[in-house]
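Everything below concerns the one structure shown next.
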Amino acid sequence: MLDIKLLRSQPNQIQDRLNLRGGTIDLTEILALDQTVREIETRRSHLEAESNDIGKQVGKLMQSGNKDGVDIQALKDRANEIKHQIANIEPEEKVIKEQIRQLLLVIPNLPDQTTPIGKNELENIEVRNWGNEYKGLPDLLPHYDIGEKLGIMNFERAVKVSQSRFVTLLGAGAALERALIQFMLNTHAQRGYQEVLPPYLVNSASLLGTGQLPKFAEDAFKCAEDDLWLIPTAEVPVTNLYRDEVIEAEKLPIYHCAFTPCFRREAGSYGRDTKGLIRLHQFHKVELVKFVHPERSHSEHESLVADAEFILQALKLPYRVIELCTGDLGFGAAKCYDLEVWLPSANQYREISSCSNFNDFQSRRANIRFKAKKQKGTEFVHTLNGSALAVGRTMAAILENYQDAQGRVVIPDVLQPYMGREYL
RNA sequence: GGAGAGGUGGCCGAGUGGUUGAAGGCGCAGCAUUGGAAAUGCUGUUUAGGGGUGACUUUAACGAGGGUUCGAAUCCCUCCCUCUCCGCCA
């Protein structure tokens with residue numbers, strides 16, 4: 001959520017920066033409503049001040065024993081008159097305030113000053129790449145084919161049990177998934193992230209806090225009987241751990257890593273990535289979440305990306321780092337790097353992690369502040385998060401990049417201790 | 001699911017419908033004391049919105065939302081949450 005005061009004080013600059021995203025966001029309505037509501041608010045405050053004053057006078061007169069005096073009745077009459085006047089303007093004030101809130105909630109974040117300007121994904125920037133694009137064997141199989149051939153992956157039965165876009169892992173496939181999760185969590189924990197195992201069902205306030213609601217309700221699964229939703233990412237429960245809290249400044253930065261299943265309706269993606277592990281309604285992800293001092297958020301973002309890259313490098317999977325341009329940035333992100341892993345069967349890179357800096361966008365919505373000792377007032381923290389990594393897509397990358405001439409899949413060195421074997 | 005108890009500031013904990021943003025304590029900060037510290041003493045210490053360059057001023061907030069009243073932390077209603085006991089349960 002943007003700061004209404006910033007919007008008020010420099011509407012043109014804000015408009016220009018929002019325009020870099022390419023959408024059409026009109027701020028005139030919200031600015032007009034803001035102007036109106038402030039006028040009403042001032043009037044109401046004055047009326048309430050008078051009313052408070054009368055209350056005190058009545059109190060004094062009552063205590064001095066003058067319970068039925070004429071002057072008391074006159075004061076009461078005046079106070080009732082004020083009450084009616086307030087009742088006349090207050091509903092309008094509430095309605096307008098709610099309108100402003102609703103409008104603010106659907107305005108995307110301002111792109112960071114350092115985010116490259118561009119219209120769409122074609123203008124994203126490749127920052128660096130790592131490893132060789134493995135062209136593979138001539139008879140290299142896509143991950144879903146080798147997975148089924150090895151008997152570690154079954155799509156048909158998952159469809160029977162649920163519906164399309166679900167998978168079942170079997171035997172070594174299930175073990176590999178579990179090994180990846182263990183390896184990722186252990187690595188991050190060693191590197192300073194506190195592990196969290198959060199709830200997988202969250203309330204609407206949490207989704208509002210991280211920005212999935214109100215705009216993207218159709219992307220999430222909802223439990224109709226309850227105010228509960230299946231999490232689309234661990235970002236939601238982990239970020240909201242600190243909702244409505246004031247953190248002591250010296251406790252920052254806070255680093256968490258979390259493994260969770262993620263549930264996404266994938267509305268509007270019919271026919272895309274229908275085969276394999278790439279786009280499922282349920283998948284596993286290890287997520288990194290940071291709460292940091294605003295002054296440090298840029299460097300914290302870089303190190304977050306490095307922590308995600310560390311996993312890819314440990315697994316020896318070729319990848320590249322893409323910095324998203326303003327036109328391709330997600331709703332809440334101010335700056336974002338995608339990590340894309342090499343998938344030889346498709347002869348292309350596919351997103352395996354997205355590392356975003358939200359600046360104070362989420363913390364404003366979720367009301368996550370910090371307070372420095374000796375300083376008056378509070379400030380909003382900056383929140384950052386990134387996948388490290390999407391487990392299913394990592395499995396897909398391993399199944400393709402590690403195929404050998406015998407049709408086996410070599411298990412990456414770092415996973416062998418977890419698997420107790422060298423090949424699938 | 002049934003029965004009961006309770007939600008007050010960073011924390012603990014008082015609270016009578018009337019100048020209570022809220023006693024007291026802890027914690028924290030500053031000052032004094034000390035060779036230095038502990039102990040002690042004094043002072044200060046919520047957040048958010050509006051107005052003002054500013055000192056400042058004004059409004060709101062005692063789980064949330066309504067109601068009664070000139071006036072509500074205090075009385076009434078609805079909802080949420082927490083705890084205890086019983087039942088059910090991995």
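Order of the sequence lines sets the chain letters (A, B, ...), proteins ahead of strands, with each chain counted from 1.
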Across all strands, who's sitting opposite B:C62 as a Watson-Crick or G-U wobble pair, both distances under 3.5 Å? none

Categorize A:Thr378 for me: base, sugar-phosphate, or nothing, with a 4.0 angstrom heavy-atom threshold over every strand shown. sugar-phosphate

So which nucleotide does B:A5 pair with, by the Watson-Crick or G-U wobble rule with both distances under 3.5 Å? B:U82

With both distances under 3.5 angstrom, what nucleotide forms a Watson-Crick or G-U wobble pair with B:U68? none

Check the side chains of A:Thr233 and A:Lys285 for a donor-acceptor pair under 3.5 angstrom, ignoring hydrogens and angles. yes

Find the partner of B:U16: check Watson-Crick (N1-N3 plus N6-O4 or O6-N4) and G-U wobble (N1-O2, O6-N3) distances, both under 3.5 Å, and reply none if neither fits. none

Counting just side-chain N and O atoms, does A:Lys371 come under 4.0 Å of either OP1 or OP2 of B:U47? yes

Considering only NZ, NE, NH1 and NH2 on the basic side and carboxylate oxygens on the acidic side, decide whether A:Arg78 and A:Glu81 come within less than 4.0 Å. yes

We want to know whether A:Glu48 and A:Asn52 form a side-chain donor-acceptor pair, criterion being a heavy-atom distance below 3.5 angstrom. no

Rounded to whole Å, how long is the line connecting atom CD1 of A:Ile72 with atom C1' of B:C70? 9 Å

Applying a 3.5 Å limit to both distances, which nucleotide forms a Watson-Crick or G-U wobble pair with B:G35? none

Do any of residues 77-89 of chain A sit with a heavy atom less than 4.0 Å from RNA chain B, and if so which? A:Ala79, A:Asn80, A:Lys83

In B/S/- notation (B base, S sugar-phosphate only, - none; protein heavy atoms under 4.0 Å), nucleotides 49-62 of chain B written 5' to 3' is BSS------SSS--

side-chain contact (heavy atoms from CB on, under 4.5 Å) involving A:Asp26 - partner list, sequence neighbours excluded: A:Thr28

Go through the side-chain N and O atoms of A:Gln362 and A:Thr383 and say whether any donor and acceptor fall under 3.5 Å apart. yes

Both distances below 3.5 Å, Watson-Crick or wobble geometry, any strand: find the nucleotide opposite B:C28. B:G44

